[in-house]
Amino acid sequence: MTSYADTAAPAPPAVTGTTRQSAPSPVDGSDAPAREALLQVEDLEISFEQYDRGLRRRTVTAVRGMSLAVHPGEVVAMVGASGAGKSLLGHAVLGMLPPNARESGRVLWRGTPVGPAARRRLAGTGTALLPQSLTHLDPTATVGAQLRRAARLAGADRRTARVRAAAALREQGLAEDVLRRHPHELSGGMGRRVLTAIALMGDPALVVADEPTPGLAPASVAAVLDRLAGIARAGSGVLLITHELDAALEVADRVVVVREGRTVETTDAGAFTGDGLRLAHPYSRALWRALPGNDFEVTAC
Amino acid sequence: MLSGEGLWVRYGHRGPWVLRDVDVDVRPGEVVGLWGASGRGKSTLATTLAGLRTPDRGTVQVDGRPFPTAPREGPRPVQLVLQHAERAMNPRWRIRDVLAEARRAGDGEVDPADPADPAHGLVDVVWLDRRPHELSGGELQRVNLARALLARPAYVLADEISSSLDALTQALLWQRLLGEVRERGLGVLAVTHDPALLDRVADRTVVLPDRAAVDGEDGLDDGDDGGRVPRARLRPAPESRPLLPPGPGHRRIANRFTIGSRSQ
């Protein structure tokens, strides 16, 4: 097991700053080395200690070797079946794993190894989670209260929090009266915009979007993907966790294919074309060919 | 033929109509797609056709006989498969028992290793002694479909069965269903919002109209599929029971189901 230098990342979250300008700009493509990765995960392994029956313990290994890198301004899609460990990796990046989780391997933030505690401190300002479901909103608080809280956590004082909450809503194309609504008064699409506004409040350099599209009508899926692409165009990195390969290919620059807790291939999104012969791993090819628009076939791999 | 005729369904006595005079037929050996934006009553129609919900008006018939029949005679010939497999089975049962519940009397043990067994190709033998939470979402959905097929149904209602699954599992589930359609004339109602999947599996597609639009002149929805697919037939509301006028005051209710596709 690797021991971590449990230090904060080079860009510590601005705790007292009241404006975004006071914090170091999260993305600085100009003077940083051109392709320095925001996030690098190397051979991550995650296992859980569980009590089986009585005091008998067992260890379940859920992630057994995942590697990926996300650079500023790009969308990286992580694609695989449910149970492959995709969401666990996302949670590990944010330092959100439960206490009985054990991990090994390395996670680097802008080139510096960061342990779980340091990653937890980065969450909200350096990294942010865009969760799948609206249940991540507090059902008892208004949208305004939740946005203001997010702004406060990102370092704003009481007055600026109010201004930033309204601005964040406008940025997502929502009217100001949404501030007074409770989550149950939002449609699915509006709720997702609110979640996006909260995630972007701390001006994160990396957004981890965990399954943002299932169950949405095609038009809403396009809207969500478009928003993710917009985040990347604005200079942040986006890690899109999804099981929907066709949706991922619409926005992703690179695709990481995972299977049973391992990354099997990292490739340019453009490699998913034709018969999939540009894909190196048989599993990636099988996934590609299984799409209803392609062969819709189950190939052994 | 599985047919729903003039189906009217709403939740509660005063709620807005979720289904308004909907007619649907599924013939043996055909796959009928059911399409419509969320909230249009796709899942309500599926549970009604499965006999799990009694329509306020209208009838469901299987091969010319009213369905469901009373008293029950073993597993029903219409099986509903839901999107969330984990909500459709008892979390404390082992997979072996989940599957055994769907067997017809005299069918013997479930044996996925036997190529003649409906569970063959869907269920792995090592899953039998596990509980639902010990399988991944895709594996559990395979069990869910196997359970429906073990009842040897004449019709399967597939309600978004693959929309939270990866492409490979989706293809596996549908190839299996399409195989049953070809080989033994199973009739399938495919509920999905994925146009690519519908194009692939459905012989024809029924579009549920937007309920707001039903009250307008033509009763057609605003989709861009004009004319390409037959729509559910619409009739004017019966005089005997006037409907509340539609308006912004009408809250749409979420169609939530916690009901399992439990087979008897």
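Order of the sequence lines fixes the chain letters, A, B, ..., with proteins taken first and strands second; residue numbering starts at 1 for each chain.
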Is there a donor-acceptor contact under 3.5 Å from the side chain of Gln175(B) to the main chain of Phe296(A)? yes
Is any side-chain heavy atom of Ser164(B) less than 4.5 Å from a side-chain heavy atom of Glu211(A)? no
Quick check for you: among Gly80(A), Ala81(A), Gly83(A), which has the greatest number of heavy-atom pairs under 4.5 Å with chain B? Ala81(A)
Hey, what do you get for CH2 (Trp288(A)) to CG (Leu168(B)), rounding to the nearest 0.5 Å? 13.5 Å
Kindly check if the number of other-residue, nucleotide or ligand heavy atoms within 6.0 Å of CZ (Arg184(B)) is above 12? yes
Test your reading of the model: is there a side-chain donor-acceptor pair from Ser82(A) to the backbone of Ser136(B), 3.5 Å cut-off? no
Do any of residues 279-287 of chain A have a heavy atom less than 4.5 Å from a heavy atom of chain B, and if so, which, in residue order? Tyr283(A), Ala286(A), Leu287(A)
dist Leu165(B):CG -> Glu244(A):CD (nearest 0.5 Å) comes out at 10.0 Å
Sort by residue number and list every member of residues 116-130 of chain B having a non-hydrogen atom under 4.5 Å from chain A. none
